[in-house]
Amino acid sequence: MSSPDDLIVRYLEGRATADEVATLNDVLKQDGDARAVFRAASFQALTVADLGRARAPRREEPARWNVRALAAAAAILLVVAGGLIWLLSNPDQELVRVVRQTGAVTLSGSTLTVEGANSGAEVLLTDGSILTLAGDSELAFAGKRGTDITVRRGSVTVEAVAQPTEQPMILRTPTAEAVVMGTCFTISAQTGETMVTVGSGKVRVRRLVDGASAEVAEGQMALATLDAAAPLASRAIPPLVSTWSQAFDAAPPAGWQGEWVAADATGPGRLKNVLDVSYRRKDGTVVPAYVVSVRKPSAITTIRPDSLLGVKWRVRDPGIGAILLISVQHSDGRFAGNFQVDLKAGSFPADANGWRVFAAPVSTLDGRFPEGAKLPTVGRVMLVFMACYSPKGELEVAEVSFP
Amino acid sequence: MSLSQEVVVRTLLAARTRISASAWMVTRDVQAAEDIFQNLSVKALAGGTTFDMEAQLVSWAHITARHEALNWIRDRKGRIVCLDEAVLNLVAQEWEETPEGPRLKALRGCLDGLPRDSRQMLDLRYSEERPCEEIAKTLGLGLDAVYQRLSRLHRALKQCTEQRLAT
């Protein structure tokens with residue numbers, strides 16, 4: 001016969017039989033001490049889970065937050081910004097908290113690393129600001145509020161609450177720094193250059209090579225490089241076309257991930273998959289993906305839910321499927337979600353050389369990060385990603401288009 | 001006069017672990033409990049219900065968390081056996097009304113003071129959500145020993161927390 005305390009542990013594990021649950025019902029009805037232990041055990045369990053997550057995000061699969069939950073988090077944190085001084089004064093408060101993640105995301109101390117083109121994370125700072133990292137990127141947080149941020153690489157979208165004038169949020173890259181006053185913007189650090197695009201509010205950008213600075217206002221962008229002779233100017237974000245197409249008759253422009261293969265008897269010029277990180281297991285080992293992708297910090301194209309997406313691809317082993325994913329921002333720069341379709345080779349007829357074609361409205365893609373995400377009325381495509389998860393797949397992509 | 005949004009947020013966050021625990025006692029799924037907390041936060045902020053006092057809000061949050069958790073179980077078509085709602089209600093009614101921050105801090109101090117193997121067991125069970133059978137294999141223990149150790153740990157942490165709060 002198990003003791004009441006053991007029954008509580010078994011119940012909380014979800015392993016108690018119906019008889020044991022009935023016994024526990026009786027015990028809890030009558031015994032105030034058992035109820036107190038039950039409450040304490042539940043409180044302790046969630047606290048241990050919280051602490052574990054703060055040390056290193058544990059879930060490998062995409063977080064299951066739904067859109068409403070995300071809205072709640074955003075709403076809560078925006079409101080919190082004005083009021084929760086006690087939170088900020090709590091010395092135990094973590095600088096950042098990963099609230100959603102997909103793929104390989106590691107929070108080690110104050111450094112957040114995202115590995116893999118389709119990996120991503122959303123983090124909350126203690127002041128309620130929200131940062132969304134998309135694709136390979138690394139950030140380090142410092143300062144009392146975690147708002148002194150070093151963007152070592154990659155792209156991060158910042159939805160900042162109003163910042164104290166004496167200590168605003170600062171994002172530093174190897175080539176520039178951006179001083180934030182409460183705004184929504186994206187900063188992308190690549191080798192030798194930093195691009196800042198502002199969806200709303202205003203950001204001051206300082207180029208580190210010579211100290212030149214520029215204010216970047218809503219709807220504008222600035223590019224800071226190591227070339228001090230080039231003007232550091234804020235300019236309007238170029239309007240995006242709503243149709244876009246990329247074939248690979250020649251080597252692709254920068255931003256593409258894949259090994260270019262020239263046209264031959266079996267097909268047109270194409271990109272062959274390269275190895276990338278899909279996610280990390282709990283023991284830290286990497287699960288690879290075989291990837292062809294393109295990411296553009298200034299966006300690839302604009303879409304509406306009825307916009308068409310077309311891809312021409314092949315895999316060596318037709319038994320191996322692939323995934324097609326797009327990452328989309330709202331028109332004001334906020335992250336909207338990752339949307340995905342599973343391409344089962346058997347579902348698409350192949351030509352004599354094994355090439356298959358997918359063509360469908362983007363609305364047919366499922367919101368995967370966050371789960372259930374909805375496409376915005378007008379969105380900006382930041383990433384197109386195709387992958388298979390077997391080395392036998394040998395994925396090749398000959399064309400991607402939003403016709 | 002109804003509570004402002006700021007007070008609603010502050011009150012919910014000050015009781016977040018307890019409210020989530022009300023859901024977790026039913027679902028025993030950490031992510032589901034977090035989702036439920038987020039959803040009820042949306043409801044509280046959406047303005048469909050107004051609250052005149054913090055205690056009223058917290059009480060509503062516990063009840064809503066429990067109901068949403070029961071719905072979560074029903075969606076799984078009875079595969080999960082759960083305590084009676086009346087018992088869950090009784091358990092929830094006895095949560096303290098004071099902010100949970102000091103208790104959290106005390107508990108963290110107690111957790112930091114645990115022997116390494118005890119902390120490992122708690123991490124395996126609640127942070128990594130591993131079943132006790134797997135923990136038994138990992139740690140080279142019998143299954144009953146794992147249940148016993150966990151139940152003793154819960155009671156010891158409860159006592160430690162209360163002692164720290166009292167001093």
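This is a predicted model, so every value here is computed, not measured. Each chain gets a letter, A, B and so on, in the order its sequence line appears, and its residues count up from 1.
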Indicate the atoms forming the closest heavy-atom contact of [X] with [Y], along with that distance.
{"X": "A/Leu12", "Y": "B/Trp24", "result": "CD2-CZ3, 3.7 Å"}
{"X": "A/Val21", "Y": "B/Cys82", "result": "CG1-O, 3.6 Å"}
{"X": "A/Tyr11", "Y": "B/Met25", "result": "OH-O, 2.7 Å"}
{"X": "A/Glu13", "Y": "B/Arg125", "result": "CA-NH2, 2.9 Å"}

* Of the backbone (N, CA, C, O) and the side chain (C-beta and beyond), which part of A/Ala34 lies under 4.5 Å from a heavy atom of chain B, both, or neither? ->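 Looking at A/Ala34, nothing touches chain B.
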* Please look at A/Ile8 and chain B and tell me whether the side chain, the backbone, both or neither of the residue comes under 4.5 angstrom of a heavy atom of that chain. =>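 Answer is neither: A/Ile8 stays 4.5 Å or more from chain B.
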Distance (rounded to the nearest 0.5 Å) between [X] [atom1] and [Y] [atom2]:
{"X": "B/Leu153", "Y": "A/Asp5", "atom1": "CG", "atom2": "CG", "answer": "11.5 Å"}
{"X": "A/Leu46", "Y": "B/Arg18", "atom1": "CG", "atom2": "CZ", "answer": "12.5 Å"}
{"X": "A/Asn25", "Y": "B/Asp84", "atom1": "CG", "atom2": "CG", "answer": "3.5 Å"}
{"X": "B/Tyr147", "Y": "A/Arg10", "atom1": "OH", "atom2": "CZ", "answer": "4.0 Å"}
{"X": "B/Leu143", "Y": "A/Arg15", "atom1": "CG", "atom2": "CZ", "answer": "9.0 Å"}

* For atom CZ of A/Arg39, is the number of surrounding heavy atoms from other residues, nucleotides or ligands below 6.0 Å larger than 12? ->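 For A/Arg39, atom CZ is crowded (more than 12 foreign heavy atoms under 6.0 Å).
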* **B/Glu94, CD: over 12 other non-hydrogen atoms inside 6.0 angstrom** =>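 It does: B/Glu94 CD has more than 12 such atoms within range.
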* Asked: Using a cut-off of under 4.5 Å for heavy-atom pairs, which of A/Ala16, A/Ala45, A/Gly14, A/Ala22 has the most such pairs with chain B?
  ->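 The residue among A/Ala16, A/Ala45, A/Gly14, A/Ala22 with the greatest pair count is A/Ala45.
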Could you look at [X] and say if it's the side chain, the backbone, both or neither that has a heavy atom under 4.5 Å from chain A?
{"X": "B/Leu157", "answer": "both"}
{"X": "B/Leu150", "answer": "both"}
{"X": "B/Arg155", "answer": "side chain"}

* Taking B/Leu40, B/Leu88, B/Leu90, B/Ile36 one by one, which has the highest count of heavy-atom pairs under 4.5 Å against chain A? ->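 Heavy-atom pairs under 4.5 Å are most numerous for B/Leu90.
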* Asked: If you count heavy-atom pairs under 4.5 Å with chain A, which of B/Asp144, B/Leu104, B/Val146, B/Leu122 comes out on top?
  ->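 Looking at each option in turn, the highest pair count goes to B/Leu104.
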* Not counting sequence neighbours, which residues clear disulfide (SG to SG under 2.5 Å) with B/Cys132? List them please. =>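 B/Cys132: no disulfide (SG to SG under 2.5 Å) contacts found.
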* Hey, mind stepping through B/Gln38 and A/Val99 against side chain to side chain contact (heavy atoms under 4.5 Å, CB included) and telling me if it holds? -> CA-CA 11 Å; B/Gln38 298 295 331; A/Val99 294; over 6 Å; no
* Asked: Hey, does A/Thr47 have a side-chain heavy atom less than 4.5 Å from the side chain of B/Arg103?
  ->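 Answer no - side chains too far apart.
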* **A/Phe43 and B/Thr161, any side-chain heavy atoms less than 4.5 Å apart** =>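 Result no, sub-4.5 Å side-chain heavy-atom pair not found.
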* Verdict with supporting geometry, B/Lys158 and A/Gln44, side chain to side chain contact (heavy atoms under 4.5 Å, CB included) -> CA-CA 8 Å; B/Lys158 177 174 175 287; A/Gln44 292 160 11; 4.0 Å; yes
* Output all residues satisfying side chain to side chain contact (heavy atoms under 4.5 Å, CB included) with B/Gln148, sequence neighbours left out; order by chain, then residue number. =>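 Checked B/Gln148 against side chain to side chain contact (heavy atoms under 4.5 Å, CB included); matches are A/Asp6, B/Arg152.
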